[in-house]
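This report refers to the structure that appears directly beneath it.
Atoms within each ligand, like the ligands themselves, are counted from 1 in listed order.
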Amino acid sequence: MSDLTYIPYGRQSIDEDDIAAVVAVLKSDWLTTGPNVAEFEAAFQAYTSAVHAVAVNSGTAALHCAMYAAGVQSGDEVIVPTMTFAASANSVLYQGATPIFVDVLPENLLIDPEQVRAAITPKTKAVVAVDYAGHACDYVALRDICDKHNLVLISDACHAVGGAYNGQPIGSIADMSTFSFHPVKHMTTGEGGMITTDNATYAQRMRTFRNHGITTDHRQRAKTGSWFYEMVDLGYNYRITDFQCALGQSQLKKLDHWVSLRQTVAAQYDAFFADFPALQPLGLSADVKHAYHLYVVRAEDKASRDLYYAELRKQNVGVNLHYIPVHLHPFYKSRPETRPHQYPHAEAAYDQILSLPIFPGMVDQQLIDQVLDRIRSVVTAA
Ligand SMILES: *Cc1c(COP(=O)(O)O)cnc(C)c1O
């Protein structure tokens with residue numbers, strides 16, 4: 001079986017144009033914050049139809065910036081779905097506030113607006129909507145709840161760049177939307193992240209926060225010929241380098257094509273699983289353009305999922321599991337506000353889900369049929 005090529009669940013695409021873009025910056029005067037940062041921000045802002053885009057050095061930094069800009073602080077609560085990557089909740093703790101986990105909808109594993117409504121207290125400051133797998137959350141319901149209770153709606157859109165909801169691009173819907181450019185995501189800068197927003201005050205606060213809490217950047221100082229700067233709040237060094245932003249610009253040009261290739265892979269999976277009851281894909285709403293960071297299927301029970309996982313791994317199919325619900329991690333289990341067994345949909349899903357390989361290169365390399373063959377043989381042998 002080891003003669004079969006290993007097919008990972010995700011893989012970046014880097015071409016000669018990407019390499020040339022990075023090399024050009026390495027030969028220039030700027031390595032860190034330079035002209036490519038603003039150019040990448042402008043291109044990303046245009047792509048998402050947002051008004052502002054702020055580039056940082058990871059998706060996690062993007063979430064932390066958003067929490068800061070939203071004014072999240074000690075004593076506040078922020079509602080977070082438990083079916084997500086830990087960073088969605090960690091960013092709340094970075095600001096000294098408390099993440100309040102809520103359950104997800106069983107059909108698509110997205111934050112359940114009714115659970116959000118039930119979790120609101122006088123301390124609630126913000127809601128994090130995670131576009132799990134690349135499928136937009138129910139933003140109509142979430143917007144309504146946030147407006148009624150004066151909460152900031154933060155979209156953790158790390159799975160969803162290139163997607164849309166009711167025809168509106170992801171990145172232009174919530175008060176702030178955060179993105180990651182980790183290599184396993186749709187497009188990469190090595191490590192990197194971005195926040196989009198229509199709110200100029202939020203954008204300005206995040207630009208200060210990513211640079212130690214200092215009000216002017218070196219280019220503004222160079223322009224005024226001044227040595228003067230002021231640190232006005234406690235910030236961090238969340239700056240992204242200029243060569244990473246050159247890579248980001250080059251990658252962004254190919255993003256639409258890559259999203260369509262992901263949709264091609266997903267369509268072939270959908271067709272296959274339509275008469276393959278052992279594994280069933282998550283639901284897809286008609287009003288959503290799915291970006292397919294992940295293609296997630298559910299097995300009947302934990303025993304069959306565990307078996308398929310082990311056997312597919314033996315067959316060199318890089319299946320994965322997204323995610324262990326955050327409230328079940330040892331760190332969060334020991335915290336007073338988290339309650340195991342209070343999130344039945346997320347916990348049931350955790351026993352049944354499997355992420356199948358999905359990345360743009362699967363189409364060219366004709367890997368989809370190979371994956372489907374191996375799934376068929378593993379499941380029929382079980
Ligand atoms: C990848 C990811 C992050 C964190 O992004 P990094 O760039 O790895 O810091 C946060 N939230 C979700 C949902 C993610 O998938």
Same cluster (ILVMFWY, side-chain, under 4.5 Å), L294 and L312: no
N199: side chain to side chain contact (heavy atoms under 4.5 Å, CB included) partners, not counting sequence neighbours: T197, T201, Y202
Any residue meeting side chain to side chain contact (heavy atoms under 4.5 Å, CB included) with S377, in chain and number order, not counting sequence neighbours: none
Donor + acceptor pair across side chains of N211, R239 (<3.5 Å): yes
Between Q249 and N36, a side-chain donor and acceptor under 3.5 Å: yes
Would you tabulate the polar-atom pairs, meaning N/O of ligand 1 against N/O of the protein, with distances under 3.5 Å, reported to 0.1 Å?
| residue | atom | partner | partner atom | Å |
| --- | --- | --- | --- | --- |
| ligand 1 | 5 (O) | S180 | OG | 3.3 |
| ligand 1 | 7 (O) | G59 | N | 2.7 |
| ligand 1 | 7 (O) | S180 | OG | 2.7 |
| ligand 1 | 9 (O) | G59 | N | 3.3 |
| ligand 1 | 9 (O) | T60 | N | 2.9 |
| ligand 1 | 9 (O) | T60 | OG1 | 2.5 |
| ligand 1 | 11 (N) | D156 | OD1 | 3.4 |
| ligand 1 | 11 (N) | D156 | OD2 | 2.8 |
| ligand 1 | 15 (O) | H159 | NE2 | 2.8 |
| ligand 1 | 15 (O) | K185 | NZ | 3.0 |
| ligand 1 | 15 (O) | Y323 | OH | 3.4 |

All pairs passing ring-ring contact (aromatic ring centres under 6.0 Å, His included) where residues 92-124 contributes a residue, at least two apart: H64-Y94, F101-Y332
